[in-house]
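See structure below.
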Amino acid sequence: MPPNLLIAYAVFCGVPLGMAIVFAIRRRAIERHLRQHRKA
Amino acid sequence: MKRRWGDRVLEIGAVLAFVAALGMVFFYAPREATMGDIQRIFYFHVASAWIGFFGFFVTFAASILYLATSSTHITGGRHWDILALSSAEVGLGFISMTVATGSLWAKPVWGTYWTWEPRLTISAVQWLLYVAYVMLRGSTANEARVARFAAVYGILAFVTVPLSWFAIRWWRTIHPQILVGGEMALTSRMLQTLFASLVAFTLVYVALLRQRMALEWTRDRWMATLETLKGEG
């Protein structure tokens, strides 16, 4: 398999996964702030 | 905000479809005679480009609806604004993959990672325009004003999608075409693999879009809480 092909498919797998992780981390961080304010 | 079970099912479906399409690319699609294995980039590259274009179309349509409803709707058309910005961000991710993997394909086939031919030039301009859109949305200035400006921008930036689509038909270009003389230049196995990739990327797009929209709704609740606290203080 040519290395460029493997790099390309690593990009195809990594970018959507990376976006999903970033969105989830950001949402959870805001939710944590919201919960802390509700408790206070 | 608890995420609904429907979102979980969608995410699992997207992962399964993605893995299935990946299997078809490497084990089902035949080896192309001229380019060899490097041609296998084509399946996800094309699917990613089409879904990126679709994402920008959603931004275009949602921006029109936002401008049409922002002054009359009780909620100020905020849901259309959220849809527009979420779709632009996700669409930009897909177009970034398209540009990066196109370069990886071009090196062994054209002998260069990049050349300023019409399709690639329009893709570069399009990528920069949507990066600017996302940066604009990160602005901390008056939110309603930024949303209105971004809606107009989202409508105008969409012109790059038909331009990119027709670039390979209108101008002399070295970019390959799937449709030659109105017919698909692919074998049936290649076509099935492309279709499977398109289904997988559609599911991934919808799952990411819903996730990004949920993030924005949560952010809105956080901003409302801050406003309440300011009022009480």
Side-chain angles (χ1 to χ4, degrees), chain A, chain B residues 1-3 11 14-15 18-19 21-22 25-26 35-41 43-45 47-48 86 89-90 92-94 96-98 100-109 113 197 200-201 204-205 207-208 210-226 228-229:
Chain A
M1 289 283 166
N4 278 17
L5 177 68
L6 300 177
I7 298 168
Y9 277 90
V11 170
F12 285 129
C13 296
V15 172
L17 189 65
M19 285 170 81
I21 291 169
V22 169
F23 293 160
I25 289 173
R26 282 171 67 189
R27 189 170 52 83
R28 277 177 197 162
I30 299 170
E31 279 173 353
R32 199 169 54 242
H33 279 299
L34 270 168
R35 271 198 302 274
Q36 280 169 354
H37 273 277
R38 278 204 195 118
K39 274 183 196 164
Chain B
M1 187 175 78
K2 283 253 189 280
R3 302 194 67 217
E11 284 160 14
V15 170
F18 194 90
V19 172
L22 207 56
V25 166
F26 284 96
M35 287 181 265
D37 281 328
I38 198 72
Q39 183 270 347
R40 291 180 200 275
I41 289 180
Y43 304 104
F44 274 29
H45 172 80
S48 174
S86 304
E89 221 170 271
V90 175
L92 180 63
F94 280 91
S96 302
M97 287 195 289
T98 308
T101 57
S103 290
L104 289 165
W105 170 86
K107 179 64 180 166
V109 179
Y113 283 109
S197 308
F201 272 67
V204 171
Y205 163 78
L208 285 174
R210 288 193 60 84
Q211 219 186 347
R212 181 63 186 86
M213 288 177 78
L215 164 64
E216 204 58 27
W217 285 122
T218 313
R219 201 182 139 268
D220 271 10
R221 282 172 50 227
W222 169 239
M223 296 306 277
T225 308
L226 285 182
T228 314
L229 287 170

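Naming convention: chains lettered A, B, ... in sequence-line order (proteins, then strands); numbering from 1 in each chain.
- Using a 4.5 Å heavy-atom cutoff, the side chains of A:Cys13 and B:Leu22 are in contact.
- Checking B:Thr101 against B:His45 by side-chain atom types alone, a donor-acceptor pair falls below 3.5 Å.
- Of the atoms belonging to B:Val25, it is side-chain heavy atoms, and not backbone ones, that fall under 4.5 Å from chain A.
- A salt bridge links B:Glu216 with B:Arg219; the closest basic N to acidic carboxylate O contact falls under 4.0 Å.
- Proximity to chain B (any heavy atom under 4.5 Å) is shown, for A:His33, by both the backbone and the side chain.
- For A:Tyr9, the part lying under 4.5 angstrom from a heavy atom of chain B is the side chain only.
- Heavy atoms closer than 4.5 Å to chain A are found nowhere in B:Gln39, neither backbone nor side chain.
- Applying the ring-ring contact (aromatic ring centres under 6.0 Å, His included) test to B:Phe18 and every residue at least two apart in sequence or in another chain returns B:Phe44, B:Phe201.
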